[in-house]
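Heads up, the thing below is written out as structure tokens.
For the single chain, residues carry numbers from 1 onward in sequence order. Any value given below was found using the heavy atoms of this structure, including those in side chains, with hydrogens, waters and symmetry copies removed. Whatever order the structure lists ligands and atoms in, that order sets their numbers, starting from 1.
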Amino acid sequence: MKHFEANFDGLVGPTHNYAGLSFGNVASQSNAAQLSNPREAAKQGLKKAKALADMGLVQGMLAPQERPDIHSLRRIGFTGSDADVLAKAASTAPLLLQACTSASSMWTANAATVSPSADSSDGRLHFTPANLVDKLHRSIEPTTTGRILKAIFSDSRHFAHHTHLPEHPTFGDEGAANHTRLCHQYGDKGVEVFVYGRSVADASKPAPKKYPARQTLEASQAVARLHGLADSHTVYLQQNPDVIDQGVFHNDVIAVGNQNVLFYHEQAFLDTQEKLAEIEQKMQGNMHFIEVPTAKVGVLDAVKSYLFNTQIVTLGDGNMAIIAPTDCRENPAVYEYLNSLLTMNTPIKAVHYFDVKQSMQNGGGPACLRLRVAMSEAELAAVNPHVMMNDALFARLNQWVDKHYRDRLSAADLADPQLLIESRTALDELTQIMQLGSVYQFQR
Ligand SMILES: N=C(N)NCCC[C@H](NC(=O)CCC(=O)O)C(=O)O
């Protein structure tokens with residue numbers, strides 16, 4: 001049977017805005033209070049997703065979440081009509097309103113950790129939504145994320161869904177952004193590499209000093225247990241705390257893997273040589289480790305351009321291509337590196353550039369926008385077909401965006417009760433397009 005890796009991209013929601021909510025994420029902080037363009041953001045994302053589908057890859061879309069999240073605002077004591085709740089939150093606690101209005105669920109690399117059936121002990125594909133406890137605006141995502149995933153991967157003979165980990169800093173979990181599944185062929189049992197920023201139990205491990213380490217070792221281990229992964233095929237790797245302090249808030253800002261390729265920055269990890277040897281041994285050889293030296297691309301250039309927040313995809317002919325943000329083409333050192341990479345005799349033979357600047361300004365590159373699900377043809381046949389990208393869905397979603405999305409949003413607009421109505425109207429229609437059922441609180 002044929003196996004492949006599908007990408008499920010997050011559809012950008014109607015409240016996409018720049019609120020500067022992510023301490024430690026340089027782009028989010030430096031673009032705070034800029035005007036955003038939700039319509040353009042959604043269209044940039046759709047264009048990238050469609051281009052991958054056109055390359056012959058299996059591509060799906062994940063629905064955005066309900067924002068402003070009136071239910072969270074009510075839970076913290078704002079009362080009255082929906083418009084009253086918005087007005088009171090805006091005047092007394094604008095930060096809380098911003099947190100409850102972020103479209104951050106668009107970065108589906110943080111939606112969940114996914115283990116393919118070849119890796120799990122029960123032969124099913126496993127999903128654990130990430131609790132995202134490090135950031136208030138993201139910590140309100142996992143329940144709805146779980147519902148959306150269940151509405152798409154509903155067949156329990158193929159798919160197993162877990163509840164997100166306990167909402168405590170011990171289990172800080174950022175999902176697939178800190179997880180890379182390596183393999184030879186997609187249907188083979190792979191090696192799942194979990195990259196953590198700190199350990200709660202082991203104080204001897206170093207931790208960053210300036211910015212938070214969002215992912216803990218304890219969370220990674222819990223997910224591996226839930227998914228029934230074998231120790232012989234699992235590797236725990238610590239991220240270099242110094243690079244977290246330079247703005248590498250997720251591992252996928254400094255490393256990316258696909259099949260037997262691991263593409264990473266020289267400074268990405270701790271104990272690099274020892275850990276790469278463990279990966280090589282667990283993969284039983286034939287790995288391509290592509291290390292980018294600091295002398296060629298510094299950490300700051302990597303963070304600015306998102307060289308490692310690229311997608312590495314395997315095309316029909318077996319060759320790999322890199323899906324990069326146009327920011328990589330605009331950075332001379334990075335562009336030169338990517339051009340030289342194509343001559344280096346690795347499986348990567350092409351680079352394709354996409355403009356996802358609306359997302360980039362919040363620290364989300366091409367790889368943040370997608371959740372990878374390696375699966376078989378039989379598993380794909382069990383997926384809700386109405387979320388899969390094709391000409392018809394692309395046209396339908398573009399029309400839907402044109403109909404419902406604004407082309408500018410400022411901080412002041414977040415309190416506009418009309419924005420809430422527009423957002424709910426759009427999402428209600430989207431659940432029909434994607435046949436998701438009532439996944440949103442306002443529909444229940
Ligand atoms: N690297 C991956 N996989 N994802 C990127 C997530 C970016 C997101 N930005 C934000 O949430 C900014 C929102 C704001 O400031 O308005 C975050 O920091 O969690």
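The side chain to side chain donor-acceptor pair (under 3.5 Å) check on Asp271 picks up nothing, with sequence neighbours excluded.
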Between side-chain atoms of residues 321-329 and protein atoms elsewhere (two or more places apart, or another chain), which donor-acceptor pairs fall under 3.5 Å?
| from | atom 1 | to | atom 2 | distance (Å) |
| --- | --- | --- | --- | --- |
| Asp327 | OD2 | Lys357 | NZ | 3.3 |

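Protein heavy atom at the shortest distance from atom 9 (N) of ligand 1 is Asn362 O, 3.0 Å.
Contacts between Gln361 and ligand 1 below 4.0 angstrom, taking non-hydrogen atoms only, are absent altogether. By the criterion of a heavy-atom distance under 4.0 Å, neither the backbone nor the side chain of Lys135 is placed next to ligand 1. Here Glu174 has no heavy atoms under 4.0 Å from ligand 1, in either its backbone or its side chain. For Leu21, heavy-atom contacts with ligand 1 shorter than 4.0 Å involve the backbone as well as the side chain.
Atoms of ligand 1 lying under 4.0 Å from any heavy atom of His137, numbered from 1 in the order shown and given with element: 10 (C), 11 (O), 13 (C). Near Ala109, meaning under 4.0 Å from any of its heavy atoms, are these atoms of ligand 1: 3 (N). The distance from ligand 1 to the heavy atoms of Gly363 drops below 4.0 Å at these ligand atoms: 5 (C), 7 (C). Proximity to Ala177 (heavy-atom distance under 4.0 Å) selects the following atoms of ligand 1: 3 (N). For ligand 1, the atoms sitting less than 4.0 Å from at least one non-hydrogen atom of Ser28 are 12 (C), 14 (C), 15 (O), numbered in the order shown with element in parentheses. Remark: ligand 1 atoms within the under-4.0 Å shell around heavy atoms of Gly20 are 14 (C), 15 (O), 16 (O).
A side-chain donor from one of Glu192 and His179 sits under 3.5 Å from a side-chain acceptor of the other. A donor-acceptor pair shorter than 3.5 Å can be found between the side chains of Thr145 and Gln65. Checking Gln361 against Tyr18 by side-chain atom types alone, a donor-acceptor pair falls below 3.5 Å. Side-chain polar atoms of Gln259 and His184 form no donor-acceptor pair below 3.5 angstrom.
For a threshold of 3.5 Å applied to N or O pairs, the pair formed by Ser104 and ligand 1 contains no separation below that value. Not a single N or O atom of Val253, backbone or side chain, sits closer than 3.5 Å to an N or O atom of ligand 1. When only interatomic distances are considered, the shortest N/O to N/O separation between Asn110 and ligand 1 falls below 3.5 Å. Checked against a 3.5 angstrom limit, the closest N/O atoms of Asp252 and ligand 1 fall inside it.
Heavy-atom distances between Arg214 and ligand 1 reach below 4.0 Å in at least one pair. Distances shorter than 4.0 angstrom occur between a heavy atom of Asn17 and an atom of ligand 1.
Between Phe23 and Tyr211, the ring planes are perpendicular. Angles over 60° get that label, and only those under 30° would be called parallel.
For the pair Lys296 and Tyr337, the cation-pi test (distance below 6.0 Å, angle within 45°) is failed.
Between His161 and His126, the distance from one ring center to the other does not fall under 6.0 angstrom.
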